[in-house]
Amino acid sequence: MGSDFDIMDSMSTYFQGNSTHPQHVSVGAILINEKGEICCHHIFTKDLKGYWAEEKVDDFYILMRETIEPNESLEHALHRGLREEFGAKAEMIDYVGTIVSHFTHDGVEVEKTTLYFLCKLTGQDLAQRSSDEEIEHKSALEWHTPDFLIPLMRAQAKRFGRTDVDESGILKRVKPHPA
């Protein structure tokens, strides 16, 4: 059987890369609450060997990121991701920017592009979180200030050797903006 990266035999989504098409496009959310804190996944399990690193990893933070599905608008993918990952509803405020990262997965050089949007929390029901996704299911949701997250994200990128886990540059862009 092929790797997780090769699952796309039928090209079910051309936005998620595979070994013959190693480009991946997703949307990301900087979900901010009334205190100016940002919602993030805190991965603390050591069971995530594979996609994130060659060795088992733990203790890292990531924002909401969702792969776009065919015929899905960016807005729909964003709101779907917020619901599935954070159980949240939000108002989209602004496009913040893009992170393009390159990393090797199963011997294939992947180019991942994530478009980030600033979103203001309007409601949250944790029962709406999806348990189908490995990361979402094994993460704790936490609210932190950009000042807390920025150095952690820089350090974890060095630790894992993966630029896609460093979202500090995107967080710097929203830091001065109140919710």
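Residues take their numbers from the sequence shown, with the count starting at 1. Heavy atoms only: backbone and side chains are in, while hydrogens, waters and symmetry mates are out.
Between the CG atom of L149 and the CG atom of L63 there is a distance of 7.0 Å, given to the nearest 0.5 Å. Taken from CZ in R65 to CD1 in I99, the straight-line distance is 7.5 Å, to the nearest 0.5 Å. The distance from the NE2 atom of H79 to the CG atom of L74 is 10.5 Å, given to the nearest 0.5 Å. Interatomic distance, H42 NE2 to I62 CD1, rounded to the nearest 0.5 Å: 11.0 Å. Here the CE-NZ distance, from M153 to K158, works out to 15.0 Å after rounding to the nearest 0.5 Å. To the nearest 0.5 angstrom, E167 atom CD is 3.5 Å from Y116 atom OH.
Counting only N and O atoms by type, the side chains of H24 and T67 include a donor and acceptor under 3.5 Å apart.
Within the 4.5 Å cutoff, the side chain of L171 has heavy atoms near those of the I38 side chain. Within the 4.5 Å cutoff, no side-chain heavy atoms of F117 are placed close to those of E75. Here the side chains of E85 and E66 are in contact, with some heavy-atom distance below 4.5 Å. By the 4.5 Å heavy-atom criterion applied to side chains, R129 and S139 are counted as neighbours. For the pair C40 and H144, the minimum side-chain heavy-atom distance is below 4.5 Å.
Residues passing the side-chain contact (heavy atoms from CB on, under 4.5 Å) test with T98, sequence neighbours excluded: Y95, V100, T113, L115. Partners of L152 under the side-chain contact (heavy atoms from CB on, under 4.5 Å) rule, at least two apart in sequence or in another chain, are Y61, F148. Qualifying side-chain contact (heavy atoms from CB on, under 4.5 Å) partners for A29, counting only residues two or more places apart in sequence or in other chains: M64, L78, L82, C119. A search for side chain to side chain donor-acceptor pair (under 3.5 Å) contacts involving T114 returns S26, not counting sequence neighbours. By the side chain to side chain donor-acceptor pair (under 3.5 Å) test, E37 is found to be paired with N33, residues two or more places apart in sequence or in another chain being considered. Residues passing the side-chain contact (heavy atoms from CB on, under 4.5 Å) test with A77, sequence neighbours excluded: V27, I68, E72, R80.
Not a single donor-acceptor pair under 3.5 Å links the side chain of E111 to the backbone N or O of S101. Remark: side-chain polar atoms of D94 are not paired, donor with acceptor, to backbone N or O of V96 under 3.5 angstrom.
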Begin from the C-alpha positions of F86 and H41 and carry the test ring pair (Phe, Tyr, Trp, His ring centres under 6.0 Å) through to its verdict. CA-CA 8 Å; F86 293 161; H41 293 285; 5.0 Å; yes
- Message: Is there a side chain to side chain donor-acceptor pair (under 3.5 Å) between D147 and T145? Walk through the geometry before answering.
- Response: CA-CA 5 Å; D147 288 337; T145 65; 5.2 Å; no
*Steps toward side chain to side chain donor-acceptor pair (under 3.5 Å) verdict (H102, T163)*: CA-CA 7 Å; H102 296 87; T163 57; over 6 Å; no
For this session: In sequence, state the C-alpha distance, the side-chain angles, and the governing distance for L121 and W143, and then conclude on side-chain contact (heavy atoms from CB on, under 4.5 Å).
Result: CA-CA 12 Å; L121 179 70; W143 292 89; 3.8 Å; yes
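Salt-bridge check for K120 with E34: failed, with every basic side-chain N at 4.0 Å or more from each acidic carboxylate O.
Between L141 and Q124, the closest heavy-atom pair is CD1-NE2, 4.0 Å.
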